[in-house]
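Each chain gets a letter, A, B and so on, in the order the sequences are listed, and its residues count up from 1. Not measured: the values here are computed from a predicted model.
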Amino acid sequence: MLIEPKILKGFRDFLPEKQIKRKNIINILENTFTSFGFQTIDTPTLEYKEVLLGKGGGETDKQVYTFKDNGKREVAMRFDLTVPFARFMAAHINELILPFKRYHIDKVWRGENTQRGRYREFIQCDFDIVGVDNASADFEILQLMHSSFKAIGVENIKFKVNHRGIFNNFLTKIEASDKAVEIMRTVDKIGKIGKDKVLEILTDLTNSDSAGEILDYIEPEAGFLQTLDKITVMSGGKSEASDRLYEVYEYLKVIGIEDLFTLDPSITRGLDYYTGIVYETFLKDLPELGSVCSGGRYNNLASIYTKKNIPGVGSSIGLDRLMAGLEELGLIEKKVPGSDVIVLNIEGSSVSHNHFIASVIRDSGLSCEVYLADKKIGNQFGFADKKGISFAILCGSDEIDADKVTLKNINTRENFNKINLGEAIDIIRKSREQ
RNA sequence: GUGGAUAUAGUUCAAUCGGUAGAGCACCAGAUUGUGGUUCUGGAUGUUGCGGGUUCAAGUCCCGUUAUCCACCCCA
């Protein structure tokens with residue numbers, strides 16, 4: 001009786017081609033993060049349920065995988081990397097050098113319904129700065145977001161920024177702060193359900209005057225500064241929150257990337273732990289995919305674990321959603337390169353000698369494999385071609401006797417008959433450098 | 001979790017009113033035993049997602065189930 005090789009809803013297998021591309025993007029991101037001085041950490045995938053959910057009751061709780069382990073402990077699989085990081089900070093703050101900048105790229109799990117770019121197991125790439133609450137850190141996260149997307153070759157993007165503090169000041173001013181969560185959720189939907197519907201819901205939540213004012217508040221103006229001027233005035237004038245956003249914008253301008261950032265007062269983020277700046281990232285050619293990188297400032301996140309004040313700001317790239325988008329837009333190169341060279345198994349060749357050649361080539365710093373099956377030469381070339389290998393080495397009895405090899409460029413079909421192995425290595429290396 | 005659509009060969013898709021399961025690409029073998037991609041010839045594709053039901057007869061109709069996609073919700 002065979003067992004069907006099925007996998008769970010929202011969970012996926014990755015064939016080499018796709019997994020290699022995923023790893024490539026991760027490598028690029030890691031290089032970008034480390035170039036800013038960020039360091040990687042790791043935390044357990046499984047934690048105590050109470051540690052991950054806190055007091056609980058939120059919308060995310062329903063999506064968390066929880067169960068009892070064999071020791072009857074209530075455990076939960078991490079649904080993001082930020083909450084475990086908060087616990088990590090509370091536990092290790094004395095062992096870390098502040099301000100601490102970390103990145104963390106790993107799988108997280110959410111048991112929600114699946115859709116395109118939306119899975120139950122997916123990779124998040126988090127990067128955060130903790131230990132400081134200033135514009136310098138807020139800015140650096142935004143800059144790193146920009147650098148990351150640039151590094152992986154995604155230029156056509158839009159970052160939407162907002163500030164929760166200014167929004168809260170505004171809500172306090174119009175005496176609606178008790179409904180803050182519902183109001184934020186509602187205005188967040190304006191792109192989908194439209195102004196009229198939002199106004200209707202807001203009127204139900206508050207009253208028609210306040211609803212009109214909220215709608216006015218979230219309407220973006222011509223530019224970042226104009227919008228910021230407006231919401232500053234509407235929130236009761238200059239405040240720490242508005243000053244922060246002016247300062248961050250100044251820094252963006254100095255770097256010359258301010259045009260990619262728009263101030264959109266309707267962006268609020270569903271997660272309720274954000275206290276300051278918040279942001280979302282959209283592919284301009286595929287906005288309906290949703291945000292591919294979001295985050296914000298959370299100054300009280302660790303407060304459920306420690307009395308110490310640990311302010312933080314961070315962002316998270318949804319790697320799998322991003323890849324789903326890039327694939328749809330054809331922005332991921334089709335073919336992944338294979339080994340630099342393959343030693344073919346031809347008539348008169350010696351298996352041991354082929355492996356010997358391969359190990360010499362590997363010692364020279366190139367990647368090399370030996371064709372392992374017993375197939376016709378045509379199949380072997382086909383194999384090499386399909387795997388994206390551009391050079392083949394053939395070494396039959398003639399070559400063995402003369403202590404030479406024959407090299408063939410699989411793409412150009414150029415032949416180098418009976419040359420020294422060292423020459424072959426030079427040719428391959430030269431071609432690889434181009 | 002709720003509602004809707006979909007599920008056929010490795011893959012992309014056909015199959016009329018319910019009447020023998022089909023094509024392209026890919027794959028395998030040969031023409032080609034030390035040089036492949038073209039071409040030609042031949043071949044296998046399969047429990048029609050899975051499980052029931054109706055019928056003389058089900059890929060097709062009905063019920064259930066699982067997965068995918070879409071919307072809600074939420075989010076990356």
Side-chain angles (χ1 to χ4, degrees), chain A residues 2-13 15 58-64 79-82 105-126 145 181 184-186 188-189 192-193 197 267-272 274 278-283 286 288-296 314-325 328 342 344-349 371 374-387 389-400 405-418:
Chain A
L2 293 174
I3 296 168
E4 195 190 338
K6 61 185 178 182
I7 55 176
L8 287 165
K9 179 187 174 83
F11 288 72
R12 298 168 299 161
D13 282 330
L15 273 68
E59 202 46 55
T60 47
D61 293 15
K62 295 181 209 154
Q63 303 176 355
V64 179
F79 60 93
D80 71 5
L81 299 174
T82 308
I105 304 177
D106 222 321
K107 284 183 175 176
V108 301
W109 296 269
R110 289 182 199 176
E112 63 175 332
N113 246 350
T114 53
Q115 248 173 64
R116 179 182 55 169
R118 203 168 153 162
Y119 314 100
R120 290 187 167 177
E121 177 182 66
F122 58 97
I123 292 182
Q124 281 199 325
C125 307
D126 270 39
M145 283 162 66
V181 174
M184 285 189 192
R185 291 226 168 110
T186 306
D188 209 38
K189 284 181 219 158
K192 270 188 180 171
I193 61 176
K197 191 80 190 154
I267 296 285
T268 61
R269 315 284 310 125
L271 294 170
D272 41 14
Y274 292 115
V278 290
Y279 27 78
E280 298 188 344
T281 311
F282 296 89
L283 301 175
L286 210 60
E288 67 273 17
L289 186 68
S291 174
V292 292
C293 175
S294 325
S315 193
S316 179
I317 299 176
L319 192 84
D320 292 292
R321 176 177 291 184
L322 175 62
M323 279 196 58
E328 193 165 329
I342 184 167
L344 299 187
N345 180 17
I346 59 169
E347 200 178 309
S349 72
Y371 188 80
D374 190 19
K375 287 277 177 85
K376 288 197 309 182
I377 190 72
N379 289 45
Q380 300 192 36
F381 277 114
F383 174 87
D385 194 40
K386 265 183 276 182
K387 282 192 74 178
I389 302 170
S390 17
F391 282 98
I393 279 188
L394 299 91
C395 188
S397 46
D398 292 356
E399 285 88 350
I400 294 175
V405 297
T406 290
L407 178 71
K408 176 158 179 163
N409 183 322
I410 289 170
N411 302 321
T412 64
R413 295 188 172 212
E414 195 178 357
N415 239 346
F416 303 91
N417 270 312
K418 298 196 177 72

In whole angstroms, the gap separating P of B/C75 from CE of A/Met184 amounts to 12 Å
OG of A/Ser294 to CE of A/Met145, rounded to nearest 0.5 Å, is 7.0 Å
Select base, sugar-phosphate, or nothing to describe what A/Gly117 touches, counting heavy atoms under 4.0 Å on all strands. base
| Looking only at atom C1', what distance separates B/C75 and B/C28, rounded to whole Å? | 47 Å
Here the distance between atom P of B/G34 and atom CG of A/Leu407, to the nearest Å, is 19 Å
Rounded to whole Å, the CD-P distance (A/Glu112 to B/C72) equals 13 Å
Looking across every strand, which nucleic acid part, if any, lies under 4.0 Å from A/Lys408 by heavy atom: base, sugar-phosphate, or nothing? base
Rounded to whole Å, the CD-C1' distance (A/Glu414 to B/U35) equals 14 Å
Checking A/Ile377, A/Leu407, A/Val405 against A/Leu394 for side-chain contact (heavy atoms from CB on, under 4.5 Å), the one that qualifies is A/Ile377
Check your understanding: Within the modelled atom types, does a donor on one side and an acceptor on the other bring the side chain of A/Arg321 and the base of B/C75 under 3.5 Å apart?
Key -> yes
_Taking only side-chain N and O atoms of A/Lys376, does any of them lie within less than 4.0 angstrom of OP1 or OP2 on B/G30?_
yes
* A/Lys197 atom NZ, over 12 foreign heavy atoms within 6.0 Å -> no
Rounding to 0.5 Å, atoms CG (A/Asn411) and CD1 (A/Ile389) come to a distance of 11.0 Å
| message | When the C1' atoms of B/U8 and B/A14 are compared, how many Å lie between them, rounded to an integer? | response | 9 Å
Q.
Measuring only the C1' atom in each nucleotide, how far is B/U48 from B/C13? A whole number of Å is fine.
A. 14 Å
**Report entry** Under 4.0 angstrom between A/Asn113 side-chain N/O and B/G3 OP1 or OP2
**Finding:** no
By the Watson-Crick or G-U definition, both distances under 3.5 Å, B/A9 is matched with none
From OH of A/Tyr371 across to P of B/U35 the rounded distance in Å is 16 Å
Exercise. With a 4.0 Å cut-off on heavy atoms, is A/Ile410 in touch with a base, just the backbone sugar-phosphate, or nothing at all?
Worked result: base
When A/Lys418 and A/Asn379 are each assigned the nearest nucleotide of RNA chain B, the 5'-most assignment goes to A/Asn379
Original post:
Looking at A/Lys189, does any N or O in its side chain come under 4.0 Å of the phosphate oxygens OP1/OP2 on B/C74?
Top reply: yes
Practice prompt. Please determine if a side-chain N or O atom of A/Gln63 lies less than 4.0 Å away from the OP1 or OP2 oxygen of B/C75.
Written response: no
* Within the structure shown, what part of the strands sits under 4.0 Å from A/Glu399 by heavy-atom distance: base, sugar-phosphate, or nothing? -> base
Closest to the side chain of A/Arg116, out of B/U35, B/C74, B/C69, is B/C69
- Task: Examine B/C27: is either OP1 or OP2 under 4.0 Å from a nitrogen or oxygen in the side chain of A/Lys386? Give yes or no.
- Result: yes
Testing B/C74, B/U68, B/C73 for proximity to the side chain of A/Arg185, the answer is B/C74
Heavy atoms of A/Asp320 and A/Ile123 approach each other most closely as OD2-N, 2.5 Å
Partner of B/G3 under the Watson-Crick or G-U wobble criteria, both distances under 3.5 Å, comes out as B/C70
Scan A/Gln380 against the nucleic acid and name what it touches under 4.0 Å (heavy atoms): base, sugar-phosphate only, or nothing.
nothing
Q. Do any side-chain nitrogens or oxygens of A/Lys6 fall under 4.0 Å of OP1 or OP2 in B/G49?
A. no
Of B/G36, B/U35, B/U68, the nucleotide closest to the side chain of A/Lys9 is B/U68
Scanning all shown strands, the Watson-Crick or wobble mate of B/G19 with both distances under 3.5 Å is B/C56
Across every strand shown, the nucleotide meeting Watson-Crick or G-U wobble geometry with B/U35 (both distances under 3.5 Å) is none
Notebook entry, point to check: Which is true for A/Gly10 with a 4.0 Å heavy-atom rule: it touches a base, it touches only sugar-phosphate, or it touches nothing?
Noted result: sugar-phosphate
note: A/Ile7, atom CD1; B/U68, atom C1'; distance rounded to Å ~ 11 Å
- Reckon A/Tyr119 touches a base, only the sugar-phosphate, or nothing at all at heavy-atom distances under 4.0 Å? base
Distance, P atom - from B/G43 to B/G22, rounded to whole angstrom
14 Å
When A/Phe122 and A/Gly382 are each assigned the nearest nucleotide of RNA chain B, the 5'-most assignment goes to A/Gly382
Taking the same atom, P, in B/C56 and in B/G51, what whole-Å distance lies between them?
23 Å
Taken to the nearest whole Å, CD1/A/Ile389 to C1'/B/G36 is 14 Å
Does a side-chain N or O of A/Arg118 approach OP1 or OP2 of B/C74 to a distance below 4.0 Å, or not? no
(message) Counting the atoms with a prime plus P, OP1 and OP2 as sugar-phosphate, which does A/Gly396 contact under 4.0 Å by heavy atoms, base, sugar-phosphate, or nothing?
(response) base
For A/Thr281 and A/Cys293 the tightest heavy-atom approach is OG1-O, 2.7 Å
Expressed in whole Å, how much space separates the C1' atoms belonging to B/C73 and B/U55?
-> 43 Å
Per atom distances to the A/Lys375 side chain, the nearest of B/U35, B/A29, B/C73 is B/A29
- Task: For A/Ser397, answer base if it contacts any base atom (sugar-phosphate contacts may also be present), sugar-phosphate if it contacts only those atoms, and nothing otherwise; contact means non-hydrogen atoms under 4.0 Å.
- Result: base
(Q) Quick check against the 3.5 Å criterion: does A/Thr406 have a side-chain atom that pairs as donor or acceptor with the backbone of A/Lys418? (A) yes
Heavy atoms of A/Gly117 and A/Arg321 approach each other most closely as O-NE, 3.2 Å
*What integer number of Å spans the P atoms of B/A23 and B/A15?*
15 Å
note: A/Asp13, atom CG; B/U68, atom P; distance rounded to Å ~ 12 Å
Side-chain atoms of A/Arg110 come closest, of B/U35, B/A71, B/C75, to B/C75
task = Indicate, with a heavy-atom threshold strictly under 4.0 Å, whether A/Ser349 touches base, sugar-phosphate, or nothing.
result = nothing
Partner of B/U65 under the Watson-Crick or G-U wobble criteria, both distances under 3.5 Å, comes out as B/G49
Value for CD (A/Glu399) from CD1 (A/Ile393), rounded to nearest 0.5 Å, stands at 10.5 Å
**Report entry** Whole-Å C1' distance, B/U11 and B/G3
**Finding:** 31 Å
